[in-house]
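Here is the naming used below: chain letters follow the sequence lines, and residue numbers restart at 1 for every chain.
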Amino acid sequence: MRFSKAFFPTLKEAPAEAEVVSHRLMIRAGMIRRLAAGVYTLLPLGVRAQRKVEQICREELDRAGAQEVFLPTLNPAELWQKTGRWDVYGKELIRLKDRHGRDFCLGPTHEEVITNLVSREVRSYRDLPQNLYQIQTKFRDEIRPRFGIMRGREFTMKDGYSFDRDEKGAEESYGLMVEAYKRIFRRCGLTLGVAAADSGAIGGSFSHEFMVMADSGEEAISVCEKCGYSANVEKTPVEVTLPDNRGGELEKVHTPDAHTVDEVATFLDFPPEQVTKTLLYMVDDEPAALMIPGHRELNESKAKNALGAATLFLADAAVVERITKAAVGFAGPVGLEGVRIIADNSLKGRGGLVLGANETDHHYTGGEEGRDFRADVFADLIVAGEGDSCPECGEPMNIRRGIEVGHVFKLGCKYSEALDANFLDENGETKTIVMGCYGIGIGRTVAAAIEQNHDEDGIIWPTPIAPYHVDIILANMKDTVCREVAEKLYAALGGLGVEAVLDDRDERAGVKFKDADLIGFPYQVIVGPKGIKEGRLEVKSRKTGERDFLPLEGATEAVASRILGEIETFASA
RNA sequence: CGGGGCGUAGCGCAGCUUGGUAGCGCGCCUGCUUCGGGAGCAGGAGGCCGGAGGUUCAAAUCCUCUCGCCCCGACCA
């Protein structure tokens, strides 16, 4: 590509709306432009980077035995009604009607469509296993789109689905995908963490998130440096031990204006862990009181799982006031009627607790579980935090931030049952297909790569996903010898499979250097009069900033082998 | 949806408090000079001040409504 002809609209400044680095750089480098909230146009450089990631996905998934399909975006409502998700998915599902008034939605994911397909075509155990994937635009009317392409309402996703005869087969398929995913992200040049994830109502340990470690990540992961355990903080088991302070008297104390745990702890001069948080939730439309030690955070997904609940959200102030007959901030378990009490394991049989008194501006001290109140259920209800013990080896863990770029999930028979995806086994018995699903956010992977690889001047692409490999910079447009050399190099590199841009714009050298750094070409070949007179070409690595001076003779091959070799290294590592 | 904030030239912003001629930097166009890290000078184009209504002799500025966007929380690739 000739820069003079290219549609690479770079910007010196980023629009105010862009906050995170990847978003700012993608706009500045001319990769994306916003059309509406969470809806982005991909410009040529953006498309090329994304295509690279897609291609790596294809190669690795095909290698793992998966096959590419292409499912419709426009989905008839009936399929979604059959699995119940037409109702469950809520506002995130973009719904529309056709001219006849029939209901449709834009696919936010494709379990329904793919399972429907497979249920029609697969009849015998001989037809299994199958592993099908697609790379396609997904639509989710996110509550809050943000960070540019990282969380859009329309985005490109690789989604794959495996179909097996039994659990064992499904687990093998799952394992193959985990391996393929590791290779994919490694080839994209990403430093990755694989974390055990919450598998929700389905249970089991067969869900993993692929996290690109980055401070701007939206996910928190607990990591044990000692044994390598790693899991989403929501999934990490937490065991908190509270001091055993039984035997004290239950005493009501006046705590004016002390609503939060910190305020109460400070006011009464108690350590926060002895001040028990009682939170009122609506659990499947029934109010329930959830209790945890005051210094920790409630983990809603653990609570949901422990209760087998479908929905769980914080009760609003009106409900709290009705149940506790007090202002928000003074809820407690003592004398609370008609409400289930679910307490964190750490509270079992503990005493010396500070509890809300269900009376505005009052708390109890010396509360004791089992004596002053009784929890109906005990469970682990706490979000893992820095320093919590590793569930595997007991060492203190660290909390790190990550961007979820991939998620694999053993689905079991949830969709195959709902959509009658059955087959006949060797004995002629009807069996339900066991499924797995596997997703990769393509655009998000590109953005994550930028989060992980940039400096103050711009993007530093890992070579395998760079939109172009080399920028040939003509430092002086008037020098005809330089032009000739650059043109030859440009043509020759193309012939060797290197993707090159020739910056032949009538601009000063500084402008070209700045753009090259911003766009992030892994290499810049600088063709200027000085070097040419000495018979040498200057090659600059974007990553290290090192400059090599290569003899003109054989320079093309040297550049090509360096770049292609680098890509190879990522692939074979 | 709750909380916070912003809409003025392609981009970044000032002007608004205290109504009266719409401005700055970058970018863009023309010319001359310059030419290895976002050049200098000169000239120029570009604005229903997000939209609607109201107050006023007069509104970017004050009031009401509305739309859009961003940030913080619950969803997810």
With both distances under 3.5 Å as the test, what is the Watson-Crick or G-U wobble partner of B:A60?
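Base partner found: none.
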Centre-to-centre under 6.0 Å for A:His208 and A:Phe210, is that the case here?
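For A:His208 and A:Phe210, the ring centres are not under 6.0 Å apart.
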Between A:His23 and A:Tyr40 (judged by ring centroids, cut-off 6.0 Å), do the two rings come close enough to count as a pair?
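Yes, ring centres under 6.0 Å apart.
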Nucleotide [N], atom [atom2] - distance to [atom1] of [X] in whole Å:
X	N	atom1	atom2	result
A:Arg28	B:G12	CZ	C1'	12 Å
A:Arg34	B:C71	CZ	P	10 Å
A:Arg151	B:C70	CZ	C1'	16 Å
A:Glu17	B:C72	CD	P	14 Å
A:Lys514	B:G27	NZ	P	14 Å
A:Asp159	B:C76	CG	C1'	14 Å
A:Lys478	B:U33	NZ	P	9 Å

State which of [options] makes the closest approach to the side chain of [X].
X	options	result
A:Ala475	B:C70, B:G36, B:G37	B:G36
A:Ala37	B:C69, B:C71, B:G38	B:C69
A:Glu300	B:G27, B:A74, B:A77	B:A74
A:Ala36	B:C69, B:C75, B:G37	B:C69
A:Arg140	B:A77, B:G36, B:G37	B:A77
A:Arg444	B:A39, B:C76, B:G37	B:C76

Using a 4.0 Å heavy-atom cut-off across all strands, classify [X] as base, sugar-phosphate, or nothing.
X	answer
A:Glu507	nothing
A:Gly406	sugar-phosphate
A:Glu142	base
A:Met150	base
A:Arg547	base
A:Ile403	nothing
A:Ile440	nothing

Which heavy atom in A:His469 sits nearest to a heavy atom in A:Lys52, and how many Å separate them?
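It is NE2-NZ, 3.8 Å.
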Is a donor-acceptor contact shorter than 3.5 angstrom present between the side chain of [X] and the base of [N]?
X	N	value
A:Arg144	B:C70	no
A:Arg146	B:C71	no
A:Asn476	B:G36	no

When the [atom1] atoms of [M] and [N] are compared, how many Å lie between them, rounded to an integer?
N	M	atom1	result
B:G12	B:C6	C1'	14 Å
B:C62	B:G5	P	16 Å
B:C69	B:C63	P	25 Å
B:G23	B:U33	P	33 Å
B:A77	B:G3	P	29 Å
B:G51	B:G37	C1'	45 Å

Salt bridge between A:Arg146 and A:Glu218, side-chain N to carboxylate O under 4.0 Å?
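Judged by the 4.0 Å cut-off on N to carboxylate O distance, A:Arg146 and A:Glu218 do form a salt bridge.
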Protein-nucleotides 6-11 of chain B N/O pairs under 3.5 Å:
from	atom 1	to	atom 2	distance (Å)
B:C11	O2'	A:Glu13	O	3.4

How would you list, by chain and number, every residue that makes a ring pair (Phe, Tyr, Trp, His ring centres under 6.0 Å) with A:Phe513, sequence neighbours excluded?
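Expected list: none.
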Can you list the residues that meet the ring pair (Phe, Tyr, Trp, His ring centres under 6.0 Å) rule with A:Tyr161, with sequence neighbours excluded?
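Testing A:Tyr161 for ring pair (Phe, Tyr, Trp, His ring centres under 6.0 Å), a comparison that skips the adjacent residues, returns none.
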Identify all side-chain donor-acceptor contacts of residues 522-532 of chain A below 3.5 Å with residues at least two apart in sequence or on another chain.
from	atom 1	to	atom 2	distance (Å)
A:Tyr523	OH	A:Arg562	NE	3.4
A:Tyr523	OH	A:Glu566	OE2	2.4
A:Gln524	NE2	A:Asp517	OD1	2.6

Can you see whether A:Trp80 engages A:Asn75 through a side-chain donor-acceptor pair at a distance of less than 3.5 angstrom?
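Yes - a donor-acceptor pair under 3.5 Å links their side chains.
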For A:Phe513 and B:G38, say yes or no: do the ring centres fall under 5.5 Å of each other while the ring planes differ by less than 30°?
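A:Phe513 ring does not meet the centre or angle cut-off for B:G38; no stack.
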If you compare every side-chain N and O of A:Lys530 against the phosphate oxygens of B:G36 (OP1, OP2), does one of them come in below 4.0 Å?
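False: A:Lys530 side-chain N/O out of range (4.0 Å or more) of B:G36 OP1/OP2.
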Ignoring backbone atoms, test whether A:Arg508 places a side-chain nitrogen or oxygen under 4.0 Å from the OP1 or OP2 oxygen of B:A39.
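For B:A39, OP1/OP2 do have a side-chain N/O of A:Arg508 under 4.0 Å.
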Partners passing side chain to side chain donor-acceptor pair (under 3.5 Å) against A:Asp215 (at least two apart in sequence or in another chain)
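Result, side chain to side chain donor-acceptor pair (under 3.5 Å) vs A:Asp215: none returned.
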Assuming nearest nucleotide by heavy-atom distance, tell me which of A:Glu19 and A:Asp506 is located more 5' along RNA chain B.
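With A:Glu19 and A:Asp506 compared, the 5'-side residue is A:Asp506.
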Of all pairs that satisfy salt bridge (Lys or Arg N to Asp or Glu O under 4.0 Å), the ones with a partner from residues 32-46 of chain A, not counting sequence neighbours:
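For residues 32-46 of chain A: A:Glu17-A:Arg34.
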